[in-house]
Amino acid sequence: MEMKQMGMQQQQTPPLAGRRETKDEGSGGAHLVAGLGVVRPLVVLALFTLVLLLTLPSAARRRHSLDLLLLHHPAASQGVSNSSCSANSSTIEHPKDKSLGGLLSPVFDEASCLSRYQSALYWKVSNHTSSAYLVEKLRRYEARHKKCGPDTELYKKAVEQLKSNRSTGPMECNYVVWMASDGLGNRILSISSAFLYALLNNKVLLLDLPEDMKGLFCEPFPNTTWVLPSDFPIKNLKWVWRFEKDPYRYGDMLKNKVLSNAMNPANASFPLPAYLYLHLVHSNDNFDKMFYCQESQLLLQKFPWLLLRSNQYFVPALFLIPEFKKELSLLFPERTTVFHHLGRYLFHPSNSVWGYVTRYYEAYLANAKESLGMQIRTFAKVDLDSHLSSIMGCALSEKLLPDVDLKDPALPTIIGVKPKAVLVTSLNSGYFEKLRDMYYEHATTTKEVIGIYQPSHEEQQHTEKLSHNMKALAEMYLLSLSDSLMTSPYSTFGYVAQGLGGLSPWILIRPDEKNLCLHSMTMEPCFHFPPSYDCNANKKVDIGSVVPYLRHCEDFRKGIKLFY
């Protein structure tokens with residue numbers, strides 16, 4: 001990734017409104033008096049005294065009120081200038097809440113994770129406030145994680161029970177162990193789903209982090225860790241193929257009638273396993289998908305250890321489980337904000353990754369009058385020119401970008417004009433190069449200046465490499481800072497960016513002959529491979545028509561997502 005090594009720009013706060021230096025006031029008074037003609041010195045002195053008496057108190061009052069305002073404004077403490085500093089101005093920005101409405105715990109050391117509280121200074125102000133119930137639930141979860149996390153006595157006690165290879169029911173501390181699958185976007189979405197599931201069941205989430213994710217994120221919970229210790233007694237968690245055949249795979253145990261959703265582990269006539277493995281990847285079968293049934297959840301709550309592997313954002317299906325409906329409505333009164341809030345709560349880039357984000361933003365994007373994020377992902381071979389033509393057709397029809405003037409390449413000289421920035425993220429450099437050349441070689445019909453930027457072009461996805469994932473995470477965050485966003489269908493990379501930024505994207509699909517792209521109704525990600533079985537009706541159904549707030553995804557008709 002090409003990065004211009006530039007620290008965050010530090011600017012001086014402008015003079016306060018109403019403030020005047022003494023010599024300016026004296027000079028201005030002299031010019032005023034000279035314009036009136038010959039005036040006696042006594043009159044001049046009296047007039048000058050009267051001006052001072054009338055002017056200085058009001059100026060002092062204005063300074064005092066603005067000092068209080070700036071004192072509590074995060075921009076002031078960060079050295080960021082505010083060009084509108086008039087006490088009566090309606091353009092004064094409201095102070096940005098670094099805790100995101102109480103979503104983030106205030107007890108962290110800011111220097112250890114700069115992104116945790118600085119992100120709010122870069123994101124656009126969100127119109128979506130987290131509920132007081134969610135904030136309270138998160139504080140309770142943090143206390144539970146601290147009590148039950150690695151290296152605690154209760155964790156050690158639970159591990160001893162795990163080593164016994166049998167379960168007699170839930171313990172004081174119960175766990176969901178997340179296991180990785182597929183790319184970084186899939187992992188982020190599945191972690192947020194697993195966390196919500198743990199939250200709903202009063203369990204503790206631990207992550208079996210592969211080497212290619214270590215150093216990506218800060219710890220989200222105070223005074224503890226969410227990383228599974230390396231001495232965890234169940235080995236080879238990273239081997240997907242091994243766990244597909246795990247003897248304690250929940251779906252297989254149901255299929256083979258070893259388990260029944262009606263049974264009570266405490267009164268079972270035979271020893272039950274110490275853990276269950278939940279296979280929630282896209283290729284799971286209908287027995288694995290029984291996980292989304294009410295009866296299954298009542299059984300799973302009785303096991304102290306659940307090992308969960310997923311590459312899916314399975315949050316929407318949790319809204320179909322009666323056991324969770326009331327709690328979910330209290331946590332998320334606005335259903336379409338689940339990942340928006342959980343993503344901002346959980347995923348704070350490490351200082352190394354945050355350095356990528358801030359340096360690139362300050363070097364290339366900070367001075368733009370407006371920014372457009374353009375996330376381009378292809379899953380099969382495409383003709384680049386044809387694909388770019390479709391992308392530009394969307395951008396032009398939705399007025400996200402101006403057209404170029406092929407007749408008059410000259411642009412009137414305008415000193416200090418701010419460009420509109422287009423941030424391109426793609427494995428391929430070809431899209432960036434053609435867009436850059438188009439707006440470099442031709443003026444626009446609107447006389448706007450367009451700047452095209454691409455942080456990296458890896459050509460191939462290398463999820464197994466930490467350096468690749470660091471760049472990917474940085475670019476997800478950079479996209480989330482945009483004013484508007486265009487995304488590729490089916491891409492979890494785009495889902496993460498839109499959710500973090502609180503953006504409803506334009507999706508690069510052709511829904512019909514009239515539209516070149518589609519403006520998504522929500523910022524929620526899509527659950528690509530949901531169950532097709534209605535547990536309550538005991539029959540196969542169109543899961544996107546069971547309740548009005550769960551409908552098929554705009555970019556993948558088999559999937560479902562949360563709507564209003």
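Remember, predicted model here, so these are calculated numbers, not experimental data.
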Ring-plane angle category for Y495 and H528, please: parallel below 30°, perpendicular beyond 60°, tilted otherwise. tilted

Inset, instruction - I would like to know whether T487 and R377 meet side-chain contact (heavy atoms from CB on, under 4.5 Å); could you show each step before the answer? - result: CA-CA 8 Å; T487 61; R377 178 75 162 97; over 6 Å; no

Item to complete: Would you mind reporting whether N174 and C148 have side-chain heavy atoms less than 4.5 Å apart?
Response: no

Correct closest heavy-atom pair for K561 and S520 would be NZ-OG, 3.3 Å

Q) When you measure from the side chain of S488 to the backbone N and O of Q375, does any donor-acceptor pair fall under 3.5 Å? A) yes

Exercise. Is there a donor-acceptor pair under 3.5 Å between the side chain of K124 and the backbone N or O of L481?
Worked result: yes

Please answer whether the main-chain N or O of M486 pairs with a side-chain N or O of Q498 as donor and acceptor at a distance below 3.5 Å.
-> no

Under a 4.5 Å cut-off applied to non-hydrogen side-chain atoms, are F221 and L205 in contact?
-> no

Please lay out, stage by stage, how K157 and E153 fare under the test salt bridge (charged side-chain N to carboxylate O under 4.0 Å, His left out).
-> CA-CA 6 Å; K157 183 178 178 181; E153 290 304 315; over 6 Å; no

Under the 3.5 angstrom rule, does the side chain of N367 hit a backbone N or O of K418 as a donor-acceptor pair? no

Nearest heavy-atom approach of K235 to F243 is O-CE1, 4.2 Å

Do I234 and Y275 have side-chain heavy atoms sitting under 4.5 Å apart? yes

Counting only N and O atoms by type, is there a donor-acceptor contact under 3.5 Å from the side chain of N351 to the main-chain atoms of L114? yes

- Keeping the roles fixed (side chain from T337, backbone from T129), state whether a donor-acceptor pair exists under 3.5 Å. no

In terms of heavy-atom contacts, A317 and P531 come closest through CB-CD, 4.4 Å

Below 30° counts as parallel, above 60° as perpendicular, anything between as tilted: where do the rings of H340 and H128 land?
perpendicular

Scanning both residues in full, the closest heavy-atom pair of Y356 with A474 reads CB-CB, 3.8 Å

Do S115 side-chain atoms and P349 backbone N/O form a donor-acceptor pair below 3.5 Å? yes

Q: Might you confirm whether atom NZ of K465 has over 12 heavy atoms from other residues, nucleotides or ligands at distances under 6.0 Å?
A: no

* Taking atom types as modelled and ignoring hydrogens, do the side chains of S296 and Y250 form a donor-acceptor contact shorter than 3.5 angstrom? -> yes

Validation row: K214, L466 side chains within 4.5 angstrom (heavy atoms):
no

I'd like to check W226 versus E219 (side-chain heavy atoms, cut-off strictly below 4.5 Å). Are they in contact? yes

Mutual orientation of the aromatic rings belonging to Y364 and Y453 [parallel < 30°, tilted 30-60°, perpendicular > 60°]: tilted

Heavy-atom check, side chain of K147 versus side chain of E172, under 4.5 Å = yes

Shortest non-hydrogen pair, P505 vs H519, comes out as O-CD2, 3.3 Å

Does the pair E524/R335 count as a salt bridge with the N-to-O cut at 4.0 Å?
no

Begin from the C-alpha positions of L365 and S371 and carry the test side-chain contact (heavy atoms from CB on, under 4.5 Å) through to its verdict. CA-CA 7 Å; L365 306 174; S371 61; 5.5 Å; no

- Salt bridge or not for E327 and K137, using N-O below 4.0 Å? yes

Quiz item: R309 side chain to L237 main-chain N or O, any donor-acceptor pair under 3.5 Å?
Solution: yes

Does the side-chain contact (heavy atoms from CB on, under 4.5 Å) test come out yes or no for L306 and N201, once each step is laid out? CA-CA 11 Å; L306 297 175; N201 288 281; over 6 Å; no

Check: Do F347 and F217 have ring centroids that are under 6.0 Å from one another?
Finding: yes

**Q.** L500 side chain near W123 side chain, heavy-atom distance below 4.5 Å
**A.** yes

- Query: Are F108 and P222 close enough that some pair of their side-chain heavy atoms sits under 4.5 Å apart?
  - Reply: yes

Output a table of donor-acceptor pairs, distance under 3.5 Å, between side-chain atoms of residues 187-198 and any protein atom two or more places apart or on a different chain; print 'none' if there are none.
unit_1, atom_1, unit_2, atom_2, d
R187, NE, D182, O, 2.8
R187, NH1, D212, OD1, 2.5
R187, NH2, D182, O, 3.3
S190, OG, W178, NE1, 3.0
S190, OG, N186, O, 3.1
S190, OG, R187, O, 3.1
S190, OG, S310, O, 3.2
S192, OG, I188, O, 3.4
S192, OG, L189, O, 2.7
S193, OG, L189, O, 2.9
S193, OG, F314, N, 3.2
Y197, OH, Q297, OE1, 2.7

Between Y122 and the options Y117, Y360, Y477, W354, the ring-ring contact (aromatic ring centres under 6.0 Å, His included) test singles out W354

*asked:* Salt bridge check, K156 against E160: does any charged N sit closer than 4.0 Å to a carboxylate O?
replied: no

query: Do Y345 and H341 have side-chain atoms, one donor and one acceptor, less than 3.5 Å apart?
result: no

Practice task
Would you confirm whether Q454, through its side chain, and S426, through its main-chain N or O, come within 3.5 Å as a donor-acceptor pair?
Solution key: yes

- Evaluation steps, side-chain contact (heavy atoms from CB on, under 4.5 Å), between Q294 and I321: CA-CA 6 Å; Q294 169 86 353; I321 301 173; 3.5 Å; yes

Closest non-hydrogen contact found for L162 with A274 is O-CB, 3.6 Å

Verify, without hydrogens or angle tests, whether N284 (side chain) and H279 (backbone) share a donor-acceptor contact under 3.5 angstrom.
yes

Practice item. Step through the shown structure and confirm whether more than 12 heavy atoms of other residues, nucleotides or ligands are within 6.0 Å of CG on D151. Key: no

